[in-house]
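Here the structure comes first, spelled out in C-alpha cells, and everything after it is commentary.
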Amino acid sequence: MSFDGIVIDHPELEREDILASLAYAKIVLSGKSLLEV
C-alpha cells in the first residue's frame with residue numbers, strides 16, 4: 001500500500017508517522033535494543 005493510500009484510509013496519520021513506524025519496525029526486527037541506536 002502506498003503512503004497516500006494509508007493516509008487516505010487513516011487521515012489522522014501523516015507521512016512522517018508512517019516513516020517513524022517503519023524505522024521502529026526495522027530496529028525491532030534487527031534484534032538491536034533501542035538504546036543501541
Side-chain angles (χ1 to χ4, degrees):
M1 190 172 219
S2 69
F3 287 108
D4 292 334
I6 294 170
V7 171
I8 288 169
D9 286 349
H10 301 278
E12 70 279 8
L13 296 177
E14 296 180 0
R15 182 179 176 92
E16 291 78 18
D17 299 323
I18 300 164
L19 290 172
S21 297
L22 292 172
Y24 176 76
K26 181 179 177 180
I27 292 167
V28 170
L29 292 174
S30 75
K32 294 182 181 179
S33 165
L34 287 175
L35 298 175
E36 295 179 67
V37 180

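Because the structure is a prediction, the values reported are computed rather than measured.
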With rounding to the nearest 0.5 angstrom, report the [atom1] to [atom2] distance, [X] to [Y].
X: K26; Y: S21; atom1: NZ; atom2: OG; result: 14.5 Å
X: M1; Y: I8; atom1: CE; atom2: CD1; result: 8.5 Å
X: F3; Y: E16; atom1: CZ; atom2: CD; result: 9.5 Å

Reference residue Y24; test side chain to side chain contact (heavy atoms under 4.5 Å, CB included); the match among I27, V28, L22
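Output: one option passes, namely V28.
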
Between the side chain of D9 and the main-chain N/O of I6, is any donor-acceptor distance below 3.5 Å?
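Checking the backbone N and O of I6 against the side chain of D9, no donor-acceptor pair under 3.5 Å is found.
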
Quick one: closest heavy-atom pair of V7 and L13, and the distance?
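For V7 and L13, the tightest heavy-atom pair comes out as CG1-O, 3.8 Å.
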
